[in-house]
Amino acid sequence: MVKTRFAPSPTGYLHLGNARTAIFSYLFARHNDGRFVLRIEDTDRERSRKEYEEMLLKDLEWLGIEWDEFYRQSERFDIYREYVEKLLQSGHAYPCFCTQEELEREREEAQRRGVAYRYSGKCRTLAPEEVEELKREGKPFTIRFRVPDGEEIVFEDLVKGHISINADDFGDFVIVRSDGSPTYNFVVVVDDALMGITHVVRGEDHIPNTPKQILIYRALGFEVPRFAHLPVILGEDRSKLSKRHGAVSVRNYREEGFLPEALFNYLCLLGWSPPGSEREIFSREELIELFDLKDVNSAPAVFNREKLRWMNGVYIREIISLERLYEAILPFLESAGYDVSDEDYVKKVLERTRDAYDTFTEAVEKLRPFFVDDVEIAPEFWARLEDMRSYDVLSTFLRKLEEKELNTPEDVKALAREIQKELGVKPKEIWHSLRIAVTGQLEGVGIDILLSTLPKERMVGRIQKVLDRIS
RNA sequence: GCCCCCAUCGUCUAGCCUGGCCUAGGACGCCGGCCUUUCACGCCGGAAACGCGGGUUCAAAUCCCGCUGGGGGUGCCA
């Protein structure tokens with residue numbers, strides 16, 4: 001049975017690149033009716049924080065990624081110890097008493113000479129008595145894996161194809177730190193093997209680690225899983241997407257008013273597309289049905305915020321239900337301080353305006369006239385009102401409103417026609433006068449929609465205020 | 001420096017494996033038009049790419065080699 005995992009280290013909010021890795025890994029498992037494991041990689045005691053883990057889980061849940069099994073590496077140290085012991089016994093690993101300062105010096109030396117650095121292997125040949133002696137002295141030590149000389153390690157990557165790396169390119173590496181905690185390259189192998197992971201899906205920044213891990217699999221007698229290394233996501237400047245590129249975490253997009261459905265869909269299309277298809281909008285079920293690792297592009301992709309924005313707009317205006325839209329946007333309207341106590345009114349507004357915004361933060365701006373008592377009119381718009389025959393238009397509008405109900409955009413249009421006939425003004429003057437008076441802006445949702453939805457008192461109040469001022 | 005990976009419009013990509021159907025298709029963005037008595041949505045049209053050089057072949061975006069360019073790694077981080 002296929003089993004994949006997502007193994008983030010808890011160091012903050014979920015990064016877009018990791019989110020996509022999680023999505024691909026999840027999709028692959030689901031596509032194959034397999035299982036999906038979430039494993040928190042918190043072996044680094046210095047950097048791992050419980051609250052980071054919580055943020056991570058929340059982001060994952062928000063994206064709708066569900067896991068079948070959950071593990072935390074910090075709770076498995078006993079298991080790792082057992083396997084370290086095995087490697088020590090079999091001679092695949094040995095204690096190393098070199099200090100960080102010494103190693104640092106060697107590294108600098110190598111750099112100066114322009115050669116690739118690798119651990120010298122100084123402690124490889126320590127006699128058992130020497131080891132005992134040093135331990136008795138209480139000297140701190142790490143445990144290193146003994147890398148066989150000159151071995152060519154090859155594997156067939158599901159995304160990248162044939163990859164070959166020579167073991168001479170890296171020296172004996174640390175598998176247990178001097179504080180006794182095991183390192184990533186070691187625990188990842190033990191966990192993946194013990195958890196029965198069949199396909200290791202992760203970022204391509206892990207390619208250099210893979211041969212080290214393969215060596216450990218073999219030394220421990222484990223079966224080597226299949227690997228799929230996903231290309232990284234790049235920023236506009238084509239360097240790895242990072243904080244300096246601005247909004248790079250799932251949380252950023254959530255807070256800016258993007259829908260998880262849209263972000264999920266967009267991320268899938270970054271580096272993957274169903275073969276031969278020209279569609280772009282897919283439901284989660286379709287993605288599960290269509291996704292395959294072999295169709296993942298092997299070149300890195302640049303994250304394009306504008307396209308995500310467009311896609312979010314498509315979801316808002318034609319994919320999700322009104323009910324879903326209401327539920328998702330409500331927190332945004334609330335935190336803007338809008339009065340959303342009348343559910344039917346809010347829904348009516350949303351139903352009539354959903355084609356006017358691409359994100360919820362944008363929606364908050366555009367919907368302001370529907371939810372606040374007063375709008376602010378910028379100075380330059382006052383001038384516009386003076387230029388046009390706004391006074392006549394607005395007063396006529398108010399007068400006619402007394403004996404009319406505006407229930408649909410059509411009603412508003414009919415009324416505008418009447419005003420036009422009566423005053424002989426240009427249509428644009430009518431619309432612009434009304435728009436400025438009622439919204440304070442010259443852009444926004446259709447004014448016919450606004451006027452047929454907005455409660456009469458609010459409309460009248462705003463217009464009256466304008467009339468008082470320009471009379 | 002060394003190791004590994006990659007290379008189609010500005011961006012995401014289809015096509016590449018199994019050469020000819022490619023005058024290279026779609027999408028975002030951009031530009032122009034239509035619809036519209038306002039604003040959007042929508043619709044129609046346009047500009048825009050096979051990095052370069054060698055091969056192989058009747059024929060190469062597609063196969064091979066080199067170059068260039070880009071990315072990743074080079075930790076007692078993951």
Side-chain angles (χ1 to χ4, degrees), chain A residues 7-11 18 41-44 46-48 96 98-100 103-104 107 110-111 113-118 140-144 157 159-161 163-166 168-170 173-179 181 183-185 187-188 202-211 229 231-232 234 236 238-240 266 269-281 297-311 313 317-318 353-357 366 412-413 416-417 420 426-435 439 441-451:
Chain A
S9 53
T11 51
N18 289 137
E41 310 242 312
D42 54 354
T43 54
D44 186 344
E46 308 265 306
R47 291 205 252 174
S48 302
C96 169
C98 296
T99 65
Q100 297 208 45
L103 297 172
E104 192 50 44
R107 234 189 305 275
Q111 179 133 38
R113 303 215 329 260
V115 296
Y117 171 76
R118 34 176 295 207
F141 63 95
T142 61
I143 293 173
R144 286 184 184 269
D157 192 277
V159 172
K160 300 278 185 178
I163 295 180
S164 170
I165 296 174
N166 196 291
D168 283 347
D169 294 336
F170 50 90
F173 54 92
V174 172
I175 58 172
V176 179
R177 300 186 186 90
S178 48
D179 70 355
S181 63
T183 64
Y184 167 74
N185 274 313
V187 296
V188 74
R202 66 208 336 182
E204 78 175 329
D205 42 337
H206 284 288
I207 290 178
N209 288 325
T210 308
H229 288 97
V232 293
L234 270 27
E236 296 289 346
R238 302 203 68 87
S239 68
K240 193 173 175 180
Y266 174 74
L269 260 37
L270 249 199
W272 172 83
S273 73
S277 172
E278 292 191 336
R279 283 178 57 203
E280 308 223 69
I281 306 295
N297 210 129
S298 57
V302 175
F303 178 76
N304 187 325
R305 201 192 146 81
E306 280 311 301
K307 185 150 183 177
L308 166 60
R309 192 186 166 77
W310 162 79
M311 191 173 282
R317 77 182 78 97
E318 51 191 272
T353 61
R354 59 197 292 182
D355 63 2
Y357 33 81
K366 293 204 167 165
V412 178
K413 285 177 184 166
R417 247 187 310 269
Q420 189 195 349
K426 277 182 279 185
K428 222 171 191 149
E429 287 190 79
I430 298 172
W431 294 112
H432 282 182
S433 297
L434 286 168
R435 183 177 282 284
T439 73
Q441 298 290 323
L442 217 44
E443 282 185 353
V445 302
I447 198 72
D448 52 339
I449 290 170
L450 177 64
L451 298 183

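In what follows, chains carry the letters A, B, and so on, assigned in the order in which the sequence lines appear, proteins first and then strands, with residues in each chain numbered from 1. Values in this document were obtained by computation on a predicted structure and should not be read as measured data. Quick note: numbers below take in every heavy atom, side chains included, and nothing from hydrogens, waters or symmetry partners.
- Listed pair A/Arg317 / B/G42 meets the phosphate criterion, a side-chain N or O lying under 4.0 Å from OP1 or OP2.
- With distances taken from any side-chain atom of A/Ser298 to the nucleotides B/C12, B/C5, B/C6, the minimum falls on B/C6.
- The shortest distance between the side-chain N/O atoms of A/Asn297 and the OP1/OP2 oxygens of B/A14 is below 4.0 Å.
- Taking atom P in both B/G55 and B/A61, one finds a spacing of 15 Å when rounded to whole Å.
- B/G72 and B/A78 are spaced 15 Å apart, taking the C1' atom of each and rounding to whole Å.
- In this structure, CZ of A/Arg118 is placed 15 Å from P of B/C4, rounded to the nearest angstrom.
- Across B/C5, B/A78, B/G71, the shortest atom-to-atom separation from the side chain of A/Lys160 is found for B/C5.
- Heavy-atom distances to RNA chain B give each of A/Trp431 and A/Tyr184 a nearest nucleotide, and the one nearer the 5′ end belongs to A/Trp431.
- Comparing the C1' positions of B/U8 and B/U13 gives a spacing of 9 Å, expressed to the nearest Å.
- An OP1 or OP2 oxygen of B/A14 is reached within less than 4.0 angstrom by a side-chain nitrogen or oxygen of A/Ser273.
- The separation of B/G53 from B/G15, taken at their P atoms, amounts to 26 Å, rounded to a whole angstrom.
- To the nearest whole angstrom, the two P atoms, one in B/U18 and one in B/G54, are 26 Å apart.
- Regarding contacts with the backbone of B/A40, every side-chain N or O of A/Arg354 stays at 4.0 angstrom or more from both OP1 and OP2.
- Comparing B/C28, B/U38, B/C76 by their nearest atom to the side chain of A/Glu306 picks out B/C28.
- Remark: the separation of the P atoms in B/G10 and B/C17 is 25 Å, to the nearest Å.
- Taking the P atom of each, B/A27 and B/U36 are spaced 25 Å apart, rounded to whole Å.
- One P atom belongs to B/G26, the other to B/G45, and the distance between them is 10 Å to the nearest Å.
- Taking for each of A/Gly446 and A/Pro275 the nucleotide of RNA chain B with the nearest heavy atom, the 5'-most of the two is the partner of A/Pro275.
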Restricting to nitrogen or oxygen on both sides, can you table the protein-nucleotides 23-27 of chain B pairs closer than 3.5 Å?
residue : atom : partner  : partner atom : Å
B/G25   : O2'  : A/Glu278 : OE2          : 2.9
B/G26   : O4'  : A/Glu278 : OE2          : 3.2
B/A27   : O4'  : A/Glu280 : OE2          : 2.9
B/A27   : O2'  : A/Glu280 : OE2          : 2.3
B/A27   : O2'  : A/Lys307 : NZ           : 3.1
B/A27   : N3   : A/Lys307 : NZ           : 3.0

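- Geometrically, A/Arg118 does not engage A/Phe170 in a cation-pi contact, judged by NZ or CZ lying under 6.0 Å from the ring centre and within 45° of the ring axis.
- Closest to the side chain of A/Leu270, out of B/C12, B/U38, B/C4, is B/C12.
- For the pairing with A/His229, the side-chain contact (heavy atoms from CB on, under 4.5 Å) check across A/Ile207, A/Val159, A/Asp205 returns one residue only, A/Ile207.
- To the nearest angstrom, P of B/G70 lies 12 Å from CG of A/Leu234.
- Between the NE2 atom of A/His432 and the P atom of B/U38 there is a distance of 8 Å, given to the nearest Å.
- Residue A/Ser164 is in sugar-phosphate contact alone, with no base atom involved, counting any heavy-atom pair closer than 4.0 Å across all strands shown.
- Below the 3.5 angstrom threshold, one finds no donor paired with an acceptor across the side chain of A/Thr183 and the base of B/C76.
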Considering only nitrogen or oxygen atoms on both sides, find all protein atoms under 3.5 Å from nucleotides 73-75 of chain B and state each distance.
residue : atom : partner  : partner atom : Å
B/G73   : OP1  : A/Lys240 : NZ           : 3.4
B/G75   : OP2  : A/Arg107 : NH1          : 3.4

Discussion item. Apply side chain to side chain donor-acceptor pair (under 3.5 Å) to residues A/Ser181 and A/Asp179 and explain how you reach the verdict.
Written reply: CA-CA 6 Å; A/Ser181 63; A/Asp179 70 355; 2.6 Å; yes
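- Taking 4.0 Å as the cut-off between side-chain N and carboxylate O, A/Lys307 and A/Glu280 count as a salt-bridged pair.
- Residue A/Glu443 qualifies as open at atom CD: its count of foreign heavy atoms under 6.0 Å is 12 or below.
- Within 4.0 Å of A/Gly313, counting heavy atoms only, lies no atom of the nucleic acid at all.
- With B/U37, B/C4, B/C39 as the choices, the nucleotide that has an atom nearest any side-chain atom of A/Arg435 turns out to be B/C39.
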